[in-house]
Amino acid sequence: MPRPVLLLARVWCTAPEGERVRVPFPPLLLERRPRRVPSAGGRPTVLNSLPEVLENHAPRSPTVWGACHGTLGELYQGPLPSGDDSDIALVSFPVHGLTARVGFTPGAAPQERTGLRPKAAEAARLFLDHHGLAPPSGTWSHQSELRVGVGMASSTADIVATLRCLHTYLGIPYDLDTVLRVLSSIERADSVFLDEFALHLSNRHRIVRRLGTALRFHTAYITEPGVVDTEAVTRTLQQFYRRRPDAYGQALTGLLDGFSARDPVAVARASTQSAALSQEVLPKETFETVLAHQGRFGADGVFVAHTGCLVGYLFCRPFSGRTRSDLTAFFASLGHQCSFAQGGFR
């Protein structure tokens, strides 16, 4: 009787964010004789050899991807009442459809340069050191729709996408604590490692309160020229926060109450308060004009990248094609190209 062969197969699937995830697949016990398996056309397909079985179950592409969404600044940035005034609290404004993606393609020869941005490369090194693993041989690739230094959480998204890629490639269960540990060693971060809104302490990388995924917004925004070095302005922000605790407390309370009530109008109103406070310490050239014309377009609020270059309108409902054209013309009159995106989670 032919001796059976035990084959352990790996199966890959595509996760919602576009990354490929390895999932367990039961062992296949193969005998050295033709084996019939069902096919889409109803007729059985005969697998005559082990290579054919391997090809039948192999992934079409060897590249493993990790992905992470970016942000359109924040709905709130400021102090946390009754908290340590050395930290900065955020409610990041996640953006749908603008992401960072990091891929790894296994190969025989290790690379001297990883192909990753510096912070992402550091994240990979810390992750591998944490698990006692050597760097895998292969090629890294990076794709991003997030502009650097304008308030879209580009570096944090790069780091998270890299860690998700490594979790998948190495078959290690995704561990948020490890992700936060790596982030805390590299930078003050947005909460893009979560797939929901959250009140988050950016220095300590601590989640204060999860706010869910119920609220969505439509946006029209611009990116003013320049970049902002977050680390360079941190002390300036902290000094300003100490002078305006009541105003920030009112904005944050309104925001959290709005999320609790699933009231996007209340959240948009609180976002406008936070943006106006930010204007006092890190002003945007177009903010006052944008705020003054909010009613003209029927916008429910204004948002900014508090330590960035984004300024835009929040809409709780989709706006018409006519309004879209008017917004485009308005921002063009200010010397900027208008962009449109959905904020929140689908």
Novice: Indicate, with yes or no, if the rings of Phe297 and Phe319 have centres closer together than 6.0 Å.
Specialist: no
Novice: Here's a test for you: under ring pair (Phe, Tyr, Trp, His ring centres under 6.0 Å), which of Phe104, Trp140, Trp65 qualifies with Tyr169?
Specialist: Phe104
Novice: Once you measure the plane-to-plane angle for His293 and Phe330, does it fall in the parallel (<30°), tilted (30-60°) or perpendicular (>60°) bin?
Specialist: tilted
Novice: Evaluate the criterion side-chain contact (heavy atoms from CB on, under 4.5 Å) for residue pair Leu176 and Leu194; output intermediate values, then yes/no.
Specialist: CA-CA 9 Å; Leu176 182 58; Leu194 296 175; 4.1 Å; yes
Novice: Please check: side-chain N/O of Gln294 versus main-chain N/O of Ala299, any donor-acceptor pairing under 3.5 Å?
Specialist: yes
Novice: Test of understanding: with salt bridge (charged side-chain N to carboxylate O under 4.0 Å, His left out), list the residues that count as partners of Arg125, not counting sequence neighbours.
Specialist: Glu122, Asp129
Novice: Where does the angle between the aromatic ring planes of Phe331 and Tyr313 fall among parallel (under 30°), tilted (30 to 60°) and perpendicular (over 60°)?
Specialist: tilted
Novice: Which distance, rounded to the nearest 0.5 Å, do you find between the OH of Tyr76 and the CG of Leu252?
Specialist: 4.5 Å
Novice: Residues two or more places apart in sequence or in another chain: which of them pass ring-ring contact (aromatic ring centres under 6.0 Å, His included) with Phe259?
Specialist: Phe197
Novice: Does the pair Arg322/Asp326 count as a salt bridge with the N-to-O cut at 4.0 Å?
Specialist: yes
Novice: Hey, does the side chain of Ser278 reach the backbone of Ser274 with a donor-acceptor pair shorter than 3.5 angstrom?
Specialist: no
Novice: What distance do Gln273 atom CD and Leu75 atom CG have between them, rounded to the nearest 0.5 Å?
Specialist: 12.5 Å
Novice: Could you walk me through whether Thr286 and Thr289 pass the side-chain hydrogen bond (donor to acceptor under 3.5 Å, both in side chains) test, one step at a time?
Specialist: CA-CA 6 Å; Thr286 61; Thr289 304; over 6 Å; no
Novice: Mind checking the CE-OG spacing from Met152 to Ser92? Nearest 0.5 Å is all I need.
Specialist: 12.5 Å
